[in-house]
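Quick notes on the structure that follows.
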Amino acid sequence: MALKLYNTRTRTVEAFAPLREGEVRIYVCGLTPSAQAHLGHARSFLFFDVLRRYLAHRGYRVTHVQNVTDIDDRSIKAGIETGRDYHAIVEHFYAEFKESMRKLGILEYDFEPYATKYIDEIQQMIRELVENGHAYVTRDGVYYRVSTFQRYGRLANRNVADLEAGARVEVDENKEDPLDFALWKFAKPGEPRWPFEPYGDGRPGWHIECSAMARALLDPPGVGFDIHGGGADLIFPHHENEIAQSEPLMAQPPMANFWVHGGLLLFDNRKMAKSLGNFEPLIDLLQRHDPQAIRWLFLQTGYRKVMNFTEGSITAAALGLSRIKAAYRSLCRPERSGQSRRSVVEGRSIDEKLEAALDDDMNTAAALAVLFEFVADLPDPDADPTRAAAALDALDYWLPILGIEPNASWLAEPAAELPADFTQRLQSALSMNLDGMMPPEAVERVVALRAQARLEKNWGESDRLRDALARCGVELKDGKEGTTWRVASS
RNA sequence: GGCGACGUAGCCAAGUGGUAAGGCAGGGCUCUGCAAAAGCCCCAUUCGGCAGUUCGAAUCUGCCCGUCGCCUCCA
């Protein structure tokens, strides 16, 4: 078995094979930080993060490029409206985006090119296109001549006639054809500009930066790279235009062997978009929800499917994830419950099952099902430490491939999470003197008092102590070997 | 108008010809002084509707209904 992936270019699921032995080069269209990122962005980038992790598991050396379009009409407009430098706005939003990506556990990209750092490469490409007759100069910029590219529309499965019939293309007297698009826009007063001889000062159009940066970083010889990714909304016109710009200059098209697109995220059954304003900034959402739960939620749905987001779905995902966490914890720190567990079913190994799921066009939902079943069949660490250790190893290996990194909180380190004023609050809840005690000590003291009360069958006192702790956020568990406690999961 | 996706239990969702994964919620149970936590068990004769192809269809074909996306900035 090997990885099979849906390829938008051929509209089929194909066996994946890299162009160069042992190496996979991926270009993902990144953010245009003219506004805050939302959950829809997260879904898309989360998918490509899992893809590259799985590719690495499959033994490939992965090069992941994700660009930053740090110059576009919107950020310029925002700059003018707020009287700030457009680039300061872009940097602000991008820094915030990166913070969100960090929280979500997205791996650093190997290259993170900014469009404005590749002006030379962009201009070089435009020159070549003009020389080859694929582009022409008008009063307000340099345009791509769509009619010169036979395959235009193939990626998006459109034909030029249909596109023109759509008649929603902006009429522009400067253009030869409504479908033509800007490669370079001449600067109007007050707009950022880069000199560009002999055409005129200005800035790059939207699509050219990706063509230029992909060529510079992944494919200088012009023979193509492996995977070009992005959200499904980029297929047309963005990716179609990238192809039109790149392929006429290549020694050997196609630009990318696989075109991979993530399904859009809907909110209130409408697409999440800056222009629709129906979204909560990602950074805010991450404040209210566990980033791992958000990742888990997306892992539960096929990456190509349109998905409608509801807040409750994150909670449900978090609950599901907590099952995995509890199982993980039980392997690390067996809670001796005396409960019988079914023994591990000796079938196909978990590796085979997970690979089968993921090989099938990255079916992460099936992979999660495998994990849930695996976790329901864990060996008892007391009875069979060897197999328990193997099970723990399996989780430690596979969870990170999905981008879920088991961390200290999975082991419920209670002391670390108690607020500073905890002792104070517990003291007043119990009208008891706990002066000078660190929060964990205070808990231990109360637990000990309760143990004594229980010994004396003083249930009233026992319950009073437990309830007071509960009000302060500490949850007690009476087990066979005594009482354990942890910070309640809010 | 053109192109496309989707419609599976109360909710989310996998499955694209061989007789419905998984998660959440719900119910039962174990444990327990009572709890909590955890675990175990149960929970779709059925896949938007109708017709057809087939030994066999959620899966293929046709029509219909519904929702959404792209064609304009978009992950």
Side-chain angles (χ1 to χ4, degrees), chain A residues 11 28-32 34-35 37-48 69 72-74 77 153 156-159 161-170 179 206 229-238 240 261-266 269-276 296-297 299-302 304-310 312-313 315-324 326-327 329-330 335 337-342 357 360 363-373 376 378 412 454 457-459 462-463 466-467 470 475-480 483-486 488-489:
Chain A
R11 281 183 290 285
V28 176
C29 285
L31 195 72
T32 301
S34 54
H38 54 68
L39 233 210
H41 295 109
R43 182 190 185 193
S44 184
F45 299 133
L46 239 10
F47 168 69
F48 288 104
T69 302
D72 80 311
D73 293 352
R74 276 178 173 276
K77 196 174 156 212
N157 192 31
R158 317 267 162 103
N159 61 60
D162 287 344
L163 287 168
E164 285 177 335
R168 295 177 67 179
V169 195
E170 199 177 312
L179 259 31
W206 175 31
D233 53 345
L234 293 181
I235 296 172
F236 194 92
H238 186 56
E240 195 69 61
H261 293 98
L264 297 184
L265 186 71
L266 309 182
N269 248 18
R270 306 288 309 179
K271 181 177 134 179
M272 272 194 186
K274 294 167 192 171
S275 57
L276 294 175
W296 197 258
L297 169 67
L299 253 12
Q300 285 183 74
T301 304
R304 289 196 280 132
K305 262 194 133 179
V306 172
M307 177 179 172
N308 191 41
F309 168 73
T310 59
S313 64
T315 309
L319 256 7
L321 213 212
S322 72
R323 295 254 318 267
I324 304 290
R329 191 159 48 234
S330 79
E335 285 155 3
S337 56
Q339 297 152 7
S340 61
R341 280 197 166 98
R342 287 183 289 153
D360 182 18
N363 190 338
T364 53
L368 295 201
V370 170
L371 285 173
F372 277 117
E373 281 166 354
L378 292 178
R454 294 180 72 211
K457 296 200 191 299
N458 185 352
W459 309 128
S462 167
D463 290 348
R466 184 181 63 207
D467 293 347
E475 211 163 61
L476 297 185
K477 287 189 277 185
D478 294 331
K480 283 222 165 84
T483 299
T484 58
W485 60 277
R486 67 172 195 180
S489 48

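These values consider heavy atoms only, across backbone and side chains, with no hydrogens, waters or symmetry-generated copies. Here is the naming used below: chain letters follow the sequence lines, and residue numbers restart at 1 for every chain. Predicted, not measured: the structure shown is a model, and the values here were computed from it.
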Quiz item: Side-chain N or O of Lys305(A) less than 4.0 angstrom from OP1 or OP2 on rA14(B)?
Solution: yes
Practice problem: Look at all strands and tell whether Gly312(A) reaches a base, only sugar-phosphate, or nothing, counting heavy atoms closer than 4.0 Å. | Solution: nothing
Quiz item: Would you say the base of rG33(B) and the side-chain of Asp463(A) have a donor-acceptor pair closer than 3.5 Å?
Solution: yes
Quiz item: When the distance from CE of Met307(A) to C1' of rA14(B) is rounded to whole Å, what number comes out?
Solution: 14 Å
Quiz item: Nearest nucleotide by nearest heavy atom, which residue falls closer to the 5' end of RNA chain B, Thr310(A) or Arg454(A)?
Solution: Thr310(A)
Quiz item: For the base of rA35(B), is there a side-chain donor-acceptor partner from Arg466(A) under 3.5 Å away?
Solution: yes
Quiz item: Should rG1(B) form a Watson-Crick or G-U wobble pair with both distances under 3.5 Å, which nucleotide is its partner?
Solution: rC71(B)
Practice problem: Assign Leu476(A) to base, sugar-phosphate, or nothing according to its heavy-atom contacts below 4.0 angstrom with the strands shown. | Solution: base
Quiz item: With no hydrogens and no angle check, is any side-chain donor or acceptor of Thr364(A) less than 3.5 Å from a backbone partner on Leu299(A)?
Solution: yes
Self-check item: For rA38(B), the Watson-Crick or wobble counterpart (both distances under 3.5 Å)
Solution: rU30(B)
Quiz item: When we call it a touch if two heavy atoms are under 4.0 Å apart, what does Leu265(A) touch: a base, just sugar-phosphate, or nothing?
Solution: base
Quiz item: How would you label the contact of Asn363(A) with the nucleic acid (heavy atoms, under 4.0 Å): base, sugar-phosphate, or nothing?
Solution: sugar-phosphate
Quiz item: With centres under 5.5 Å and planes under 30° as the test, does Phe372(A) stack with rG23(B)?
Solution: no
Quiz item: What is the base-pairing partner of rU61(B), counting Watson-Crick and G-U wobble geometry with both distances under 3.5 Å?
Solution: rA51(B)
Quiz item: Is there a donor N/O on one and an acceptor N/O on the other, under 3.5 Å, for the side chain of Arg158(A) and the base of rC71(B)?
Solution: no
Exercise. Report the nucleotide, chosen from rG23(B), rG15(B), rA37(B), that has the shortest atom-to-atom distance to any side-chain atom of Lys477(A).
Key: rA37(B)
Quiz item: Within the structure shown, what part of the strands sits under 4.0 Å from Ser462(A) by heavy-atom distance: base, sugar-phosphate, or nothing?
Solution: base
Quiz item: Donor-acceptor pair under 3.5 Å: do we get one between Arg323(A)'s side chain and the base of rC24(B)?
Solution: no
Practice problem: Report yes if a donor N or O on one partner sits less than 3.5 Å from an acceptor N or O on the other, where the partners are the side chain of Asp478(A) and the base of rC34(B); otherwise report no. | Solution: yes
Quiz item: Which part of the nucleic acid, if any, lies within contact of Ser313(A), taking any heavy atom under 4.0 Å across all strands shown: a base, the sugar-phosphate backbone alone, or nothing?
Solution: nothing
